[in-house]
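The structure appears right after this line, and notes come after that.
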Amino acid sequence: MTTNPTWYGDIRHMFTPNDIAHMQSQGIDLTDYNYVKTAAANIYGQVASGNMPPGTPWSDDWTQTFLTWMTNGCPKGVEPIAAKFAKLDVQAATASRIRKEISTLTPGEIQILKTAFIGVMNKPLDDPDGYFVQAGYHGLPNKYCMHHAPGYNPWHRALLISFENALRKIPGCENVTLPYWDISTPLPSVLSQSPFDSYTLPEDIGLGFNKGYKTNRYSVTQIQANFKNYDTLGCFALAASKTDWEDHHGYIDRRPNNTTIAGHDSGHVAIGESMGVQEVAAFDPVFWFYHCNLDRMFWEWQGTMKATDLNGLLSTITSVGSRNIFNVPVLRSLAPFTTNASKLDTVNTIDSITSLDVDYQRTAAPIQATMNVKTFGTASAADQFFIHTGLASVRVKGINRMKIPGSFKVHLSNDGKEIASKAFFQPVEADKCENCVENPMAHFDFVLPLEKVSGKLSVWVEPINHQLFGDHFPQKLMDNPTVNVRLLISHER
């Protein structure tokens with residue numbers, strides 16, 4: 001019997017796929033923490049009587065573990081999988097496609113990668129495997145991409161495999177894989193070499209991005225400075241420490257916007273200039289190496305959380321909207337990948353190895369979290385908690401992003417000195433983007449030492465494009481956003 005069982009460490013692993021499937025047919029979802037917590041007494045009655053699971057009743061030890069979990073208040077916990085659940089020990093799957101960190105590629109591998117990129121870039125404009133079509137899925141001219149929504153990670157994973165498949169169709173490049181750029185290191189020099197340095201639009205795509213537009217980005221030193229200024233690495237480090245899907249992503253379900261989505265947005269804007277503009281970001285070749293790294297970090301989080309299959313992933317999800325994109329057939333679609341040759345949806349992108357035959361070389365050092373204690377803005381009154389008087393959470397909320405033309409930055413200053421900044425990545429015409437219109441109000445979260453925010457604070461929004469409004473976007477045009485400041489709490493000192 002486990003003395004202090006938790007949902008993440010014990011309980012969710014006690015339900016087999018057969019158990020889950022059997023009960024789902026009766027409207028009972030054993031992958032849902034909130035449901036299991038609410039129905040715990042009924043579940044206990046069934047397993048204690050030997051009625052469930054059918055044919056393979058729980059041992060007295062497992063039944064007592066579940067009862068102890070109930071008695072302790074159904075804690076969610078953060079512990080790793082308990083070794084005693086031997087039925088979970090399966091032979092690890094392997095993939096034939098291993099994506100490596102780009103700085104580890106041999107000269108021969110770099111040459112094949114260049115050949116593949118040149119090959120897709122030279123394809124006809126209407127070729128579905130050509131660079132113009134593949135990159136155009138993300139912004140103009142097609143605008144399929146999902147941002148600031150639960151489908152963000154599945155959609156980008158599908159895009160990466162679609163592009164990698166296109167690269168593999170170039171003669172002599174049948175085994176090429178997309179490498180990733182470990183953004184904790186400076187931009188590799190190879191990415192400043194042709195064909196990775198830029199791409200020139202072969203025809204007009206709209207909004208002033210005309211034939212002959214050449215993608216461009218900031219210098220290596222400026223990119224690194226921007227990463228630091230927007231706390232890009234800190235966002236991804238914090239995301240790696242989260243256990244719930246919503247907290248790992250951030251922003252969705254009104255969660256703090258300081259993890260994966262915040263890191264993604266600030267990374268795009270930090271690399272700029274083209275990468276900071278959603279309409280053309282994917283045309284800059286660095287996009288593929290940047291997003292390959294983000295997918296690597298998501299896959300590693302899935303592995304840590306034992307969330308590499310549908311049931312495992314669902315056991316980390318608490319919000320209805322996020323669960324629905326995997327459970328409701330009509331919401332599983334990832335345009336255009338579900339209907340084209342890829343046939344990919346949210347469910348078959350979960351297991352990168354089994355479904356996509358893709359894994360990542362473990363050469364990049366984990367991004368280190370800046371805070372060891374896991375802090376929260378609120379906690380259940382039934383829980384014990386500690387107040388961290390040395391930390392403050394500053395949330396800027398109520399920004400109507402529909403009114404802001406394109407990506408923008410939010411700056412926090414104290415007595416006129418900038419102390420923190422974050423970026424938001426969106427289309428120039430956000431009001432014409434279906435996904436954006438569904439999520440019109442943006443919020444930003446800064447966690448800072450209390451002494452750093454003690455003083456005269458001010459906030460201003462800076463559009464990436466200064467042509468219309470300069471470097472200060474009028475607050476009254478954003479529906480007058482507000483600021484909340486509060487101390488943080490945790491379940492440990």
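This one's a predicted model, so the numbers in the text were calculated from it and none came from an experiment.
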- Within the distance-only criterion (no hydrogens, no angle test), does the side chain of Ser198 pair as donor or acceptor with the backbone N or O of Lys214 below 3.5 angstrom? no

- Item | Point-to-point distance, once rounded to the nearest 0.5 Å, from SG of Cys173 to CG of Leu113 | 8.5 Å

- Message: If we ignore hydrogens and angles and just use 3.5 Å, is the side chain of Arg332 paired with the main-chain N or O of Asn348 as donor and acceptor?
- Response: no

- Please determine which of Arg254, Arg395, Arg255 meets the salt bridge (Lys or Arg N to Asp or Glu O under 4.0 Å) test together with Asp445. Arg395

- Give a yes or no on whether the backbone of Gly250 and the side-chain of Thr259 come within a donor-acceptor separation of less than 3.5 Å. yes

- Is there a donor-acceptor contact under 3.5 Å from the side chain of Asp244 to the main chain of Asp247? no

- Query: Does the side chain of Asn311 come under 3.5 Å of the side chain of Thr31 through a donor N or O and an acceptor N or O?
  - Reply: no

- Item | Parallel, tilted or perpendicular, as decided by the 30° and 60° cut-offs, for the rings of His156 and Tyr152 | tilted

- Message: Would Lys422 and Phe446 count as a cation-pi pair here, with the cationic atom under 6.0 angstrom from the ring centre and within 45° of the axis?
- Response: yes

- Write down the atom of Pro427, the atom of Gln278, and the distance for their closest heavy-atom approach. CD-OE1, 3.2 Å

- Message: I want to know whether Tyr251 and Phe424 have ring centres closer than 6.0 Å.
- Response: yes

- Task: Tell me whether the centres of the aromatic rings in Phe425 and Phe287 are closer together than 6.0 Å.
- Result: no

- Task: Check the surroundings of atom CD in Gln467: do more than 12 heavy atoms from other residues, nucleotides or ligands lie under 6.0 Å from it?
- Result: no

- Query: Just by distance, do the side chain of Thr308 and the backbone of Gln302 share a donor-acceptor pair under 3.5 Å?
  - Reply: no

- Task: Ignoring hydrogens and angles, tell me if any N or O in the side chain of Thr232 forms a donor-acceptor pair with the backbone of Gly263 under 3.5 Å.
- Result: no

- Passing option when Arg323 is tested against Leu313, Val328, Asp32 for side chain to side chain contact (heavy atoms under 4.5 Å, CB included): Asp32

Distance-only donor-acceptor hits, side chain of residues 130-145, under 3.5 Å, sequence neighbours excluded:
| residue | atom | partner | partner atom | Å |
| --- | --- | --- | --- | --- |
| Tyr131 | OH | Ala282 | O | 3.4 |
| Tyr131 | OH | Phe283 | O | 3.0 |
| Tyr131 | OH | Trp288 | NE1 | 3.2 |
| Gln134 | OE1 | Ser162 | OG | 2.9 |
| Gln134 | OE1 | Phe163 | N | 3.4 |
| Gln134 | NE2 | Pro128 | O | 2.8 |
| Gln134 | NE2 | Ser162 | OG | 3.3 |
| His138 | NE2 | His147 | NE2 | 3.4 |
| Asn142 | ND2 | Gly136 | O | 3.4 |

- With distance as the sole criterion, is a donor-acceptor pair present between the side chains of His249 and Asn153 under 3.5 Å? yes

- Task: Start with the C-alpha gap between Gln426 and Phe408, add the side-chain angles, then the distance that decides, and say whether side chain to side chain contact (heavy atoms under 4.5 Å, CB included) holds.
- Result: CA-CA 8 Å; Gln426 68 170 14; Phe408 59 94; 3.9 Å; yes

- Item | Cationic tip of Arg296 above Tyr180 ring, under 6.0 Å, 45° of axis | yes

- Candidate pair Asn257 and Asp265, rule side chain to side chain contact (heavy atoms under 4.5 Å, CB included), full reasoning: CA-CA 10 Å; Asn257 184 21; Asp265 286 8; 5.7 Å; no

- When you measure from the side chain of Asp345 to the backbone N and O of Leu334, does any donor-acceptor pair fall under 3.5 Å? no

- Query: Listed by chain and number, what are the side-chain hydrogen bond (donor to acceptor under 3.5 Å, both in side chains) partners of Lys114, not counting sequence neighbours?
  - Reply: Gln193

- Item | Lys343, NZ: over 12 other non-hydrogen atoms inside 6.0 angstrom | yes

- Kindly check if the number of other-residue, nucleotide or ligand heavy atoms within 6.0 Å of NZ (Lys123) is above 12? yes

- Message: Restricting to non-hydrogen atoms, name the atom on Cys292 and the atom on Leu178 that form the minimum distance, rounded to 0.1 Å.
- Response: SG-O, 3.6 Å

- Show your reasoning for whether side chain to side chain contact (heavy atoms under 4.5 Å, CB included) applies to Thr316 and Trp301. CA-CA 11 Å; Thr316 71; Trp301 178 82; 3.8 Å; yes

- Which atom of Ile353 lies closest to which atom of Asp359, heavy atoms considered: CD1-OD2, 3.6 Å

- Query: Stepwise, does the side chain to side chain contact (heavy atoms under 4.5 Å, CB included) test hold for Ile252 with Trp245?
  - Reply: CA-CA 10 Å; Ile252 60 176; Trp245 155 281; 3.8 Å; yes

- Distance-only donor-acceptor check, side chains His148 and His264, under 3.5 Å: no

- NZ/Lys211 to CD1/Ile205 distance, rounded to the nearest 0.5 angstrom? 14.0 Å

- Message: For the residue pair Ser184 / Asp182, report whether a side-chain donor-acceptor contact shorter than 3.5 Å exists.
- Response: yes

- Message: Could you check whether any side-chain N or O of Tyr33 sits under 3.5 Å from a backbone N or O of Cys74, counting only pairs where one atom can act as donor and the other as acceptor?
- Response: yes

- What is the minimum heavy-atom distance between Arg168 and Val176, and which atoms define it? NE-O, 2.7 Å

- Message: Rounded to the nearest 0.5 Å, what separates atom CZ in Phe298 from atom OG1 in Thr260?
- Response: 8.5 Å

- Message: For the backbone of Ser352 and the side chain of Ser355, can you confirm whether one donor and one acceptor N or O come within less than 3.5 Å of each other?
- Response: no

- For Arg12 and Tyr8, indicate whether the former's side chain and the latter's backbone hold a donor-acceptor pair under 3.5 Å. yes

- Give a yes-or-no answer on whether the side chains of Asn293 and Tyr360 include a donor-acceptor pair shorter than 3.5 Å. no

- Query: Which atom names give the shortest non-hydrogen contact between Thr104 and Glu109, and what distance separates them?
  - Reply: O-OE1, 4.3 Å

- Interatomic distance, CG@Asn165 vs CG@Leu160, rounded to 0.5 Å, equals 11.0 Å

- Message: Which heavy atom of Ile170 sits nearest to which heavy atom of Gly119, and what is that distance?
- Response: CD1-C, 3.5 Å

